[in-house]
Every structure is written in C-alpha cells, then in structure tokens.
Amino acid sequence: MKNKVIIVGAGAAGLIASVAACENGAETLLIERNERPGRKIMITGKGRCNVTNNCTLVNDLISNVPTNGRFLYSAFTRFMPIDTMEFFENEGVELKVERGNRVFPVSDKASDIVDALRAASQRAGAGLVRGRVKGLIIEEKTVRGVELESGEKIYGDRVIVCTGGKSYSATGSSGDGYVFAEQAGHTVIAPKPSLVPLVAHEGWCSEAQGLSLRNVEITVCDAESYKEVYRDFGEMLFTHFGVSGPLILSASTHMRDLGRKKYEIYIDLKPALSFEQLDKRIQSDFLEFANKNLINSLGKLLPQKLIPVIVKLSGIKPTTKTNQITKEMRHKLVSLLKGLKVTAIDFRPIDEAIVTSGGVKVSELEPKTMESKLVSGLYFAGEVIDVDAYTGGFNLQIAFSTGHLAGESAALS
C-alpha cells in the first residue's frame, strides 16, 4: 500500500522532497501558503540563483557548514552537488560553474530553477494545494496529518515540514515550522540571522555607501580577545548602516553574541602587495603627482568614493602636498590601506538575512532519514533544521540533500 506523504512548504526542500517521494511510490501532496511555489528561490543569488557548489567530496561540503555540519553526512552522501546538477540539466536547465565553484543557470535566471522544480514535481505526480497549515495532527506520538487555518484537516501517513526559517519573511518564511516542531515536543534552537549584513560603529561607512570593493581580504577578530575568527578574500560593499556583500555575509556566520560583544574587521585593500611593495607604489604615485595635494593624488590607487575617507582617517591634511609627506605619514597611510578597520556592533534584522541560524535541534532527528525521534512519521528538511552554511550555493544544497532524503525516507518507511 502506498504511503500518503504530506509536504508542508513548496520551497527548494519541499519541491525536491515531492519528486523523491513520488519517484519512490508515495501519494504526495504539497501544501504551500504562497500563491506560487519557490518564492524564496527567486531572490537567491541576486535573482540568478546560486543553485549549488560544485564540491566533489562530502567532507568539503561539511567544512562549509559551520553549524552542525556532521549531521548532514548521510543527506549529502545520498544527494551530492553532482546529483543536483544532473537533476536540473535533465530538466533542461543549462548550468555553469563560476569562481569558488559556484553553480548558476547559464541564463542567470532563478526562475528557470523554480520552473524546473515545479515541472519535475508536477510530472512526478505530486499534488499541490494552496493553504496555510495551522498545526500538526498527532495521536499517540504518531503524526496523522495537518490542519489548515481554514479548519480543513488533511490526513496522511507521513508529514515532511519544509517551511524554511525566518529570513526574508515576505517570501513566506515566518517561522511556522518552529511552531510545528514545538507542538511535536522538539527543542527549537532560537533562530537568529546568518549570512546577514553588519551594522558598523564607524560613521564613515555611510560616506562610502554604495561602494563595492573587489579582490580585497578581510580578517575578523574578536574585539576582546583579539583572536582571529575568520579570514577570506573576495567582494564586499559599504552601506548606510555598515558593511555587506559576500565576504561580510560569510563572516557573519562566525560571529556569536554580536550586540553583546564586538568584532573588528580589518580590510586589506591591496592584498596582492606587501607593506613594502605598497609603500613603493605610493612613493611612485607621489612622485608622479609631486605638486598636487594628497586628496588629489590617490586616484590611481583607490576608488574615488573612498579617498576622502582614507585621507580623513590618515590624519594628514587633505591639502598637504605629496612632496611634503614624511615617511612616517606615508607608513601610516600604508598601514591604513592594509588594515582599514570596521567595528561590527550588531546584525541587521533577520528579515535581511539570507538564511536563519537555529531551528529544530539536530540531536532529536535521525540523520539517516530526517525523521523525528519523538514523533513517528514526522520529518524535517531544509532551513527549518538547525544547520546553516557559508555563501556559495551550500545552503541550497542543504535544502536539496535533506529534502531528497526526507522524501525518499517518508515514501519507503
């Protein structure tokens, strides 16, 4: 007899779970509160959808999941990035691999990924109803179905919760899955933003608002212990409140208790040059612009928007002629360019986070199936679980791997 599998949430995890459940013989029904499935996928990767990361080793995947990465071993092993790529290519979506092994559709359109998932789910035979689930129907520690806000009760043999976290609540991620988990007796690790922009103490960040820096290196240190907690190379952005961009989003996952404590971010604007090399470069520029003011002699070295900031922080008068700048002044300038400090004092609101850190406690789930250890027939997949990864396609891969495993397990158990 076929299992009837109910999947709550038609995002990345829910849609792939529906395909896996159908392909393994289950009668499958997706319940989605939004008018269109996959709404959050549409905004990932700035609308391009970084669908996965072309990692070939499971340990490489796990190393990019700072929160409970080992829990995902079975899920990753069962459905690797190569499987994700093959899935979409079989659905007619051409893919490309960019810097950092990030995988995108050739079209650069997230809608192609959503359309492929929806088409695969529909073709596999999954049903789809629009509605918001109010709660689970649980009898004698066994899930029996779900109840909608309308009062309608839908019964089934298995329920998979794929409701996402609390980030980007406008896409429907309002934390409903945490309520369902707690109803079932699960511990929910308090959700907090991850992969999120940072509020800076320094007011000058607003002066550089909108400036994107490429090929810079950041080093993040605990402001109290001065212990290095993160270092990486790439892109970042200055905003009216502080800093954002891929480097900053990844750095945010390493920051704990931000708000109660502070972190110092040191930006190396010229990581390809040593202190001595940069000093010689500046000497060369100063020689070329010997009769110019300092403020007008840094155009070949820095973006225009950053020049007034750097000059102000250097303590050198903007009108100082370059041939009047002492070695001590110049070395201070070099130090600034090799270690521009930004003090992170808070996260931006969870609505601005790409993913949510926190969720259903992983020790209460069976990693080989994604089934609850507390309620028979209840499964969780995707962001609702207390796992989160760095940028680069890893979080969507978590959704696909856990969703696929949950769908397969629910159908066959």
Side-chain angles (χ1 to χ4, degrees), residues 11-16 37-58 60-67 69 72 75-76 79-118 120 162 164-165 167-168 171 173 193-197 212 214-215 232-237 244-254 352-357 381-383 387-404:
L15 286 166
I16 204 80
R39 191 170 172 190
K40 188 174 179 182
I41 301 172
M42 293 292 288
I43 62 173
T44 60
K46 297 180 180 178
R48 297 174 61 216
C49 190
N50 184 184
V51 69
T52 187
N53 190 284
N54 193 24
C55 276
T56 57
L57 301 176
V58 69
D60 288 343
L61 282 173
I62 290 171
S63 69
N64 281 281
V65 185
T67 306
L72 297 169
F76 281 154
F79 201 78
M80 288 285 286
I82 188 66
D83 300 306
T84 299
M85 294 170 71
E86 184 179 341
F87 172 86
F88 286 108
E89 286 169 343
N90 287 342
E91 290 297 319
V93 181
E94 286 188 79
L95 301 174
K96 59 183 176 180
V97 181
E98 297 187 357
R99 182 181 59 82
N101 286 325
R102 292 167 165 83
V103 180
F104 292 88
V106 169
S107 65
D108 285 331
K109 293 180 180 178
S111 57
D112 287 352
I113 298 298
V114 176
D115 290 346
L117 283 166
R118 290 172 62 194
C162 303
S167 57
Y168 289 129
T171 63
S173 300
S194 184
L195 296 179
V196 66
S212 179
R214 294 186 177 185
N215 302 320
D232 202 1
F233 174 88
E235 300 176 25
M236 63 166 290
L237 171 73
S244 187
L247 276 179
I248 300 301
L249 298 180
S250 291
S252 72
T253 65
H254 295 265
E352 296 181 29
I354 292 179
V355 296
T356 307
S357 180
E383 196 180 342
V387 289
D388 62 276
Y390 302 139
T391 56
F394 298 105
N395 286 290
L396 267 179
Q397 184 59 46
I398 290 173
F400 293 135
S401 294
T402 57
H404 191 274

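Scope of the values below: all heavy atoms of this structure, side chains included, with no hydrogens, waters or symmetry mates. No experiment lies behind these values; they were computed from the predicted model shown.
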Check: Side-chain contact, heavy-atom cut-off 4.5 Å: Gln397 with Phe79?
Finding: yes
| task | Take Ile398 and Glu383 through the side-chain contact (heavy atoms from CB on, under 4.5 Å) test and state the conclusion after the steps. | result | CA-CA 8 Å; Ile398 290 173; Glu383 196 180 342; over 6 Å; no
Is the distance from the ring center of Phe394 to that of Phe76 below 6.0 Å?
no
Is any side-chain heavy atom of Leu57 closer than 4.5 Å to one of Leu61? no
Closest non-hydrogen atoms of Ser244 and Leu249, given as atom of the first, atom of the second and distance, are OG-CD2, 4.3 Å
Paired with Val114, the side chain to side chain contact (heavy atoms under 4.5 Å, CB included) test is passed by just one of Met42, Arg39, Lys109, Lys40, namely Met42
With a 4.5 Å cut-off on side-chain heavy atoms, are Pro105 and Ile113 touching? yes
Handout entry: Min side-chain heavy-atom separation Asp388-Val65 under 4.5 Å
Key = no
So CG of Leu195 and CD1 of Ile248: to nearest 0.5 Å the spacing works out to 12.0 Å
Notebook entry, point to check: Does the side chain of Met85 reach to within under 4.5 Å of the side chain of Val97, using non-hydrogen atoms?
Noted result: yes
_Between Cys49 and Leu396, is there a side-chain heavy-atom distance shorter than 4.5 Å?_
yes
Check: Is there side-chain contact between Thr56 and Ile82, with at least one heavy-atom pair below 4.5 Å?
Finding: no
key: N-O pairing of Glu91 and Arg118 below 4.0 Å   = no
* Asked: Counting only N and O atoms by type, is there a donor-acceptor contact under 3.5 Å from the side chain of Thr44 to the main-chain atoms of Ile41?
  -> yes
Q.
So does Val196 get a backbone contact from the side chain of Ser252, meaning a donor-acceptor N/O pair under 3.5 Å?
A. yes
One should read off an interatomic distance between Phe88 CZ and Asp115 CG, to the nearest 0.5 angstrom, of 11.0 Å
Rounded to the nearest 0.5 Å, the CD atom of Glu235 sits from the CG atom of Leu247 at a distance of 8.0 Å
(request) Answer yes or no: is there an ion pair linking Glu94 with Lys96, defined by an N-O contact shorter than 4.0 Å? (result) no
>> One pair to check against side-chain contact (heavy atoms from CB on, under 4.5 Å): Val51 and Phe104. What are the steps and the verdict?
In response: CA-CA 6 Å; Val51 69; Phe104 292 88; over 6 Å; no
What one should report as the nearest heavy-atom pair of Ala389 and Pro66 is CA-CD, 3.8 Å
Notebook entry, point to check: Quick check: does any side chain N or O of Asn50 sit under 3.5 Å from a backbone N or O of Thr52, one acting as donor and the other as acceptor?
Noted result: yes
Note to self: So does Ser250 get a backbone contact from the side chain of Thr253, meaning a donor-acceptor N/O pair under 3.5 Å?
What the structure shows: yes
Side-chain heavy-atom pair Pro81, Val103 within 4.5 angstrom cut-off
no
Asn53 side chain to Gly100 backbone, donor-acceptor under 3.5 Å
yes
Would His254 and Tyr390 count as a close aromatic pair, with their ring centres under 6.0 Å? yes
With side-chain contact (heavy atoms from CB on, under 4.5 Å) as the criterion, how do Leu117 and Ile16 come out once you've worked through the C-alpha distance, each side chain's angles and the decisive distance to 0.1 Å? CA-CA 7 Å; Leu117 283 166; Ile16 204 80; 4.1 Å; yes
